[in-house]
S.K.: 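Here's a structure for you.
We name chains A, B, ... by the order of the sequence lines, and we start the count at 1 in each one.
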Amino acid sequence: MEYKFKEIESKWQKKWAAEGTYKVTEDPSKPKYYVLDMFPYPSGAGLHVGHPLGYIASDIYSRYKRLKGFNVLHPMGYDAFGLPAEQYAIQTGQHPEVTTEKNTARYREQLDRIGFSYDWDREVRTCDPAYYKWTQWAFLKMFDSWYDPAKNCARPISELVERLSTEGYEDITPQIWNSASEKEKSDILMRWRIAYQGETSVNWCEGLGTVLANDEVKDGLSVRGGFPVEQKKMKQWQLRVSAYAERLLEGLDRLDWSDSLKEMQRNWIGKSEGTEVVFNVECDGKTTPVTIFTTRVDTIFGVTFMVLAPESELVGTLTSAAHKDEVDAYVKEVRKKTERERISETKSVSGVFTGSYGINPLTGEKVPVWVSEYVLAGYGTGAIMAVPAHDSRDYAFAKKFNLPIVPIIEGCDVSESSFDAKEGKMCNSGFLDGMDVKQAIEAAKDYAEANGIGHRKTNYRLRDAIFSRQRYWGEPFPIYYKDGIPTPVDEKDLPLALPEIDSFTVSSNGEPPLARAKDWTYKGWPLETSTMPGFAGSSAYYLRYMDPHNSEALVSREADEYWKSVDLYVGGTEHATGHLIYSRFWNKFLYDLGYVCCDEPFKKLINQGMIQGRSNFVYRIVGTNTFVSYGLKDKYETTEIHVDVNIVHNDRLDLEAFKAWRPDYADAEFVLEDGEYVCGWAVEKMSKSMYNVVNPDDICDSYGADTLRLYEMFLGPVEQSKPWDTKGIDGVNRFLKKFWRLFYDRDGWCVTDQEPTKAELKALHKLIAKEQEDIENFSYNTTISAFMIALGELGDCHKRAILEPLTVLLCPFAPHIAEELWEALGHTQSCTKATYPEYVEAYTVEDNVTYPVQFNGKMRFTVEMPKAATPAEVEAAVRQLPKTAQYVGEQSIVKVIVVPGRIINIVVK
RNA sequence: GCCUUGGUGGUGGAAUGGUAGACACGAGGGACUUAAAAUCCCUUGGCCCGAAGGGGCUGUACGGGUUCGAGUCCCGUCCGAGGCACCA
């Protein structure tokens, strides 16, 4: 009987769906395990063979954990709000909901064919009002909270209001607060709300008609669409992510994530510990204190000038009348530049003198104050002290404008470039002279604090997240404007559903699409017209999976306390500084308010590598319709042309399929080598334009889902990026056929009840041990190798006692075939609910072991010893060896260490 | 420039500091077959010796080091991938 994968796979997929095999409920009698995939954005192109890589890996892990007795939550859903559907809507008039629905159905179809063990009853879609109700709810909670630095967590805003009206807070006294109008109170509270509205410089993308977050912009272009992005001041909703900077940073230490990913987040958060120092600046006879931030107070004796950011509010007050025109012109010039231009002009140095002078608080020395775009307004205080001798940027500036360069580290050479390293001995630095740089940094900080010149200060690079998008296809803000004051919609009126509109473009007066909606009001007042960004819906979806149908809460306390947090999260590294920061922030916020019980959402994270495409080429002789094979192409003048990889097998072109591929090639002629047309190849991104997209459906058609699953894992380590090459797939397909033949030979069912031999038990148990270890380490490719080896060792074994556990071992990788064989073995319950076979060490232990003995790397002997021999007995045996093994020169063997199955380690004295 | 990674046959890739190249693909040879498919067996890092069984040398980007022993650990160099980049 043959292995008919098509029948088997569709049979079991139907059965799993009909019987709800993967439905999961909270079961306190079993330990829980939560395995999550980053849910996909359902794009119009459908899945290619690279997308399911992570899904397969997590599915194998889920199935393995289930066999091990865990109650596994393994859900799937769709990140369905987003720009592509809206762009498509603008072009075609098709409602994004329609496109999204269509794409989602297609995704589901493709996913189902691969045999994933998702509990689809728990599916979530971010564009579903029942889902985004909770996104809006969380926003309202953030609007209604502030970050209390004393308690180091988010608290209800009412506590702040209470404090403002009684004792005051920061610069707001009770008098100010109590006499403030409603509008003024609203403005004051915006300074502390976690979700707040504020004027900021934003990344404005004209091409998309919306603002973008920093991680949605790359090299001055939008990630989606590649349109230019410029800086623009706008009033925007923002999330006070920066309040959580320290906790986001410190929480990383407790996470089981890759070092590189943690490092990316650390860089993004960008903690730097330094000192704020006050310089008095004299301008036209007036003195203004200016606070600067530096991480190198130790270099303060080397300050030769100061620099302000062009956008700094101080520029006006610190510019002398004589220099006003020049400074104004410069600032205006800089404002005009887009982010993109600033980036590309990184190398050029520009700036202008303000006419004012700062007084070095330590030396009393007067230094000129300049304005330059190399100082950023958004970081630190927007003003710096410049130490050209020990900072490369200050150095470049000093060189350009002929400012003095004063070295303060002994023996350093600053004739060509600055000396930035934190090493050496201090000089020209008063009380710091003679100290080591690292010592001096601390000493200078202490001195500044002790003498009231400055104080220690920690800065973070992490900025608040801009949360408004001038788009249609996103969550509406549950905010309306009562007398122009942003006011929250009542919680009981959530979800605030997206209104229907006639066109998806920006309205004629530049307002977002929602402004087109008829009656977009609440209690008679206008509603907010921007919508939330893509990361809003994906920030807490893992919580919703725990309790997806709850209409009373995002997640019930019981469900949350049972599932706690995601134990294993699998997804791409591209979300390192976006989704993975926002989710952690969102979760910590909900944790502060007591809605969830875990402070970190994703305990362990595996980044699956990208699958690249492997393109094929044909070579057309210039000016003809004749194609020459790869090996002969250098004899002609040819053009390289991408050819669809689906009509190429093992780099050999299917000539008939090629002629049929495109009308132009119908009468193509070929110059062959050895009767075949050999194609060239290259590794490129998998994309339609390269004709290298491989569809998982096609693989399922010709080899089956089980083969696809095995092959994707067999390609190499999950974390590694690698090109897809269908050529090796026969190997794993053969393995499955071979596996099948252990149960069915030419004459049919051939499983016997014979007792297994010792060798067979050994092969089985070696595999059990290997699989357990490998799966826990996500080393799936070596598990599959181990399977192949085990099959070789088992030979023609048709014994039930071996085949039964073997089937269970195979189940996580190739569930369909495992189910089919499990059923044939007489089981009525699904193989996915079987119990994982127990590893028995005794079966794999060898009686006698041959130990190779190596000495001085050259002489090699072997001793055969019983497995149970003690090191002393082995040593004795080694001493029986020829004399040269025991003595080399004056050295003698004093100790022998036995490493079972390996080599003997001889320690000599 | 900084940070994080990685560099092993024709290819994908294995190797707790202990016989490098497992497993698979591809290639070559053979068996079965009228033939093909399917299946099975043998060879397969390079160089060399031997009629053969077999044996020798060399080899994990490059140069050093630690070690009885290094693909693996340490230092330096080169190359690739990813991230950050006037963040004071």
S.K.: Is Gln720(A) close enough to rG6(B) that one of its side-chain N or O atoms is under 4.0 Å from OP1 or OP2 there?
M.R.: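 No, no such contact exists.
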S.K.: Give me the ring orientation class for Phe397(A) and Tyr374(A): parallel if the planes are under 30° apart, tilted from 30 to 60°, perpendicular past 60°.
M.R.: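 Tilted, since the angle between the ring planes falls between 30° and 60°.
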S.K.: Which nucleotide, in any strand shown, forms a Watson-Crick or G-U wobble pair with rA22(B), with both distances under 3.5 Å?
M.R.: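 The answer is none; no pair meets the criterion.
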S.K.: Please indicate whether Lys422(A) has more than 12 foreign heavy atoms, meaning atoms of other residues, nucleotides or ligands, lying under 6.0 Å from its NZ.
M.R.: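 12 or below, so no.
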S.K.: On RNA chain B, compare the nucleotides closest to Ser779(A) and Asp394(A); which residue's is nearer the 5' end?
M.R.: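 Nearest nucleotide further toward 5': that of Ser779(A).
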S.K.: Counting side-chain heavy atoms from CB outward, which of rU39(B), rA88(B), rC23(B) is closest to Lys737(A)?
M.R.: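 Ranking rU39(B), rA88(B), rC23(B) by closest atom to the Lys737(A) side chain puts rU39(B) first.
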S.K.: Roughly, in whole Å, what's the span from CG in Asp725(A) to P in rG12(B)?
M.R.: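 Value for this atom pair: 9 Å.
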S.K.: What is the pairing partner of rG69(B), taking Watson-Crick or G-U wobble pairs with both distances under 3.5 Å in any strand?
M.R.: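 WC or wobble partner does not exist here.
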S.K.: Less than 4.0 angstrom between a side-chain N/O of Tyr379(A) and OP1 or OP2 of rA88(B), yes or no?
M.R.: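 Yes, Tyr379(A) has a side-chain N/O under 4.0 Å of OP1/OP2 on rA88(B).
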S.K.: Starting at CG of Asp774(A) and ending at P of rA14(B), how long is that distance when rounded to a whole Å?
M.R.: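 Going from Asp774(A) (CG) to rA14(B) (P), I get 11 Å.
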S.K.: Considering only the P atoms, how many Å lie between rG13(B) and rC25(B), rounded to the nearest integer?
M.R.: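 Rounded to whole Å, the distance is 16 Å.
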S.K.: With both distances under 3.5 angstrom, what nucleotide forms a Watson-Crick or G-U wobble pair with rC40(B)?
M.R.: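 Check on rC40(B): paired to rG30(B), both distances under 3.5 Å.
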S.K.: rG12(B), rA88(B), rC40(B): which one has an atom nearest the side-chain heavy atoms of Phe714(A)?
M.R.: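 Closest nucleotide among those given: rG12(B).
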S.K.: If the C1' atom of rA85(B) is compared with that of rG26(B), how far apart are they to the nearest Å?
M.R.: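 My reading of the C1' atoms in rA85(B) and rG26(B) gives 44 Å.
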S.K.: From CZ of Phe419(A) over to P of rA88(B), roughly how many Å is that when rounded to an integer?
M.R.: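 One finds 18 Å between P of rA88(B) and CZ of Phe419(A), rounded.
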S.K.: From CE of Met713(A) over to P of rC25(B), roughly how many Å is that when rounded to an integer?
M.R.: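 About 19 Å, once rounded to whole Å.
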S.K.: Do other residues, nucleotides or ligands put more than 12 heavy atoms under 6.0 Å from Asp259(A) CG?
M.R.: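 Check fails, neighbour count at 12 or below.
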S.K.: Can you confirm whether Glu841(A) is buried at CD, in the sense that more than 12 heavy atoms of other residues, nucleotides or ligands lie under 6.0 Å from that atom?
M.R.: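 Open: at most 12 neighbouring heavy atoms sit under 6.0 Å from CD of Glu841(A).
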S.K.: Quick one: label Pro717(A) by what it contacts on the DNA or RNA (base, sugar-phosphate, nothing), any heavy atom closer than 4.0 Å.
M.R.: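 Pro717(A): backbone/sugar contact only, no base atoms under 4.0 Å.
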S.K.: C1' atom, rU19(B) versus rG45(B): distance in rounded Å?
M.R.: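 Rounded to whole Å, the distance is 16 Å.
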S.K.: Which of these nucleotides, rU39(B), rG12(B), rC86(B), is closest to any side-chain atom of Arg741(A)?
M.R.: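 The answer is rU39(B), which lies nearest to the side chain.
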S.K.: Counting heavy atoms not belonging to Glu773(A), are there more than 12 under 6.0 Å from its CD?
M.R.: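 No.
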S.K.: Between rA14(B) and rU8(B), how far is it from one P atom to the other, in whole Å?
M.R.: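 It comes out at 12 Å once rounded to the nearest Å.
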S.K.: Is atom CZ of Phe401(A) surrounded by more than 12 heavy atoms (other residues, nucleotides or ligands) closer than 6.0 Å?
M.R.: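 Check passes, neighbour count above 12.
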S.K.: Nearest to the side chain of Leu376(A), heavy atoms from C-beta on, is which of rA22(B), rC25(B), rA88(B)?
M.R.: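 Nucleotide nearest to Leu376(A)'s side chain: rA88(B).
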S.K.: Using the P atom as the reference point in each nucleotide, state the distance between rC73(B) and rG82(B) in Å, no decimals.
M.R.: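 One P to the other, the span is 24 Å.
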S.K.: Given rA88(B), rC86(B), rC3(B), which nucleotide is nearest the side-chain atoms of Ser272(A)?
M.R.: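 It is rA88(B).
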S.K.: Determine the interatomic distance between P on rU11(B) and the same-named atom on rU16(B); round to the nearest Å.
M.R.: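 Those two atoms are separated by 23 Å.
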S.K.: Between Met788(A) and Arg296(A), who's closer to the 5' end of RNA chain B by nearest nucleotide?
M.R.: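 Its nucleotide being nearer the 5' end, the pick is Met788(A).
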S.K.: Where the side chain of Arg734(A) is defined as all heavy atoms beyond and including C-beta, which of rG26(B), rA14(B), rC86(B) is the nearest nucleotide?
M.R.: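 Between rG26(B), rA14(B), rC86(B), the one nearest the side chain of Arg734(A) would be rG26(B).
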S.K.: Measuring from the side chain of Met264(A) (C-beta onward, heavy atoms only), which nucleotide among rA85(B), rG83(B), rC23(B) has the closest atom?
M.R.: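 Nearest to the side chain of Met264(A) among the choices is rG83(B).
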S.K.: Could you measure between the two C1' atoms, the one in rG80(B) and the one in rA88(B), and give it in whole Å?
M.R.: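 Per the computed distance, 33 Å lies between those C1' atoms.
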S.K.: Give, for atom OH of Tyr677(A) and atom CG of Leu653(A), the distance between the pair rounded to the nearest 0.5 Å.
M.R.: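 Tyr677(A) atom OH to Leu653(A) atom CG measures 7.0 Å (nearest 0.5 Å).
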S.K.: For Asn781(A) and rA14(B), is the shortest distance between a side-chain N/O and OP1 or OP2 below 4.0 Å?
M.R.: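 Checking rA14(B) against Asn781(A), a side-chain N or O does come within under 4.0 Å of OP1 or OP2.
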S.K.: Counting side-chain heavy atoms from C-beta on, which of rU4(B), rA88(B), rC23(B) comes nearest to Ile789(A)?
M.R.: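 In terms of side-chain proximity for Ile789(A), the closest of rU4(B), rA88(B), rC23(B) is rC23(B).
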S.K.: What is the nucleic acid contact for Leu715(A), judged by heavy atoms within less than 4.0 Å: base, sugar-phosphate only, or nothing?
M.R.: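 Since only primed, P, OP1 and OP2 atoms lie under 4.0 Å of Leu715(A), the category is sugar-phosphate.
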S.K.: Taking the minimum atom-to-atom distance to the side chain of Glu373(A), which one of rC86(B), rA22(B), rG13(B) wins?
M.R.: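 In terms of side-chain proximity for Glu373(A), the closest of rC86(B), rA22(B), rG13(B) is rC86(B).
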S.K.: Could you state the CG-P distance from Asp298(A) to rA88(B), rounded to the nearest angstrom?
M.R.: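 These atoms are roughly 14 Å apart.
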S.K.: Out of rC86(B), rU4(B), rA24(B), which nucleotide sits closest to the side chain of Ser260(A)?
M.R.: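 Output: rU4(B).
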S.K.: Look through every strand shown and name the nucleotide pairing with rU77(B) as Watson-Crick or G-U wobble, where both distances are under 3.5 Å.
M.R.: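 When the pairing criteria are applied, rA61(B) turns out to be the nucleotide that pairs with rU77(B).
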S.K.: Which value, in whole Å, describes the distance between the P atoms of nucleotides rA36(B) and rG46(B)?
M.R.: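 The same atom, P, in both gives a distance of 29 Å.
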S.K.: Taking only residues at least two apart or on different chains, which pairs with a member in residues 711-737 of chain A satisfy salt bridge (charged side-chain N to carboxylate O under 4.0 Å, His left out)?
M.R.: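 Counting only pairs at least two positions apart or across chains, the salt bridge (charged side-chain N to carboxylate O under 4.0 Å, His left out) contacts touching residues 711-737 of chain A are Arg614(A)-Asp725(A).
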S.K.: Just name whichever nucleotide pairs with rA14(B), Watson-Crick or G-U, keeping both distances under 3.5 Å, else none.
M.R.: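 Check on rA14(B): unpaired, no WC or wobble geometry under 3.5 Å.
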S.K.: Where does rG65(B) land, syn or anti, once you apply the within-90°-of-0 test for syn?
M.R.: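 Anti conformation for rG65(B).
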S.K.: Figure out the CG/C1' separation between Asp391(A) and rC2(B), and round it to whole Å.
M.R.: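 Nearest whole value for this atom pair: 14 Å.
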S.K.: May I have the distance from Ile784(A) (atom CD1) to rC25(B) (atom C1'), rounded to whole angstrom?
M.R.: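 Nearest whole value for this atom pair: 14 Å.
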S.K.: So what does Lys457(A) hit on the nucleic acid, given a heavy-atom distance under 4.0 Å: a base, only sugar-phosphate, or nothing?
M.R.: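 It contacts nothing in the nucleic acid.
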S.K.: Starting at atom NZ of Lys722(A), determine the distance to atom C1' of rG7(B), rounded to an integer number of angstrom.
M.R.: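 It works out to 17 Å between those atoms.
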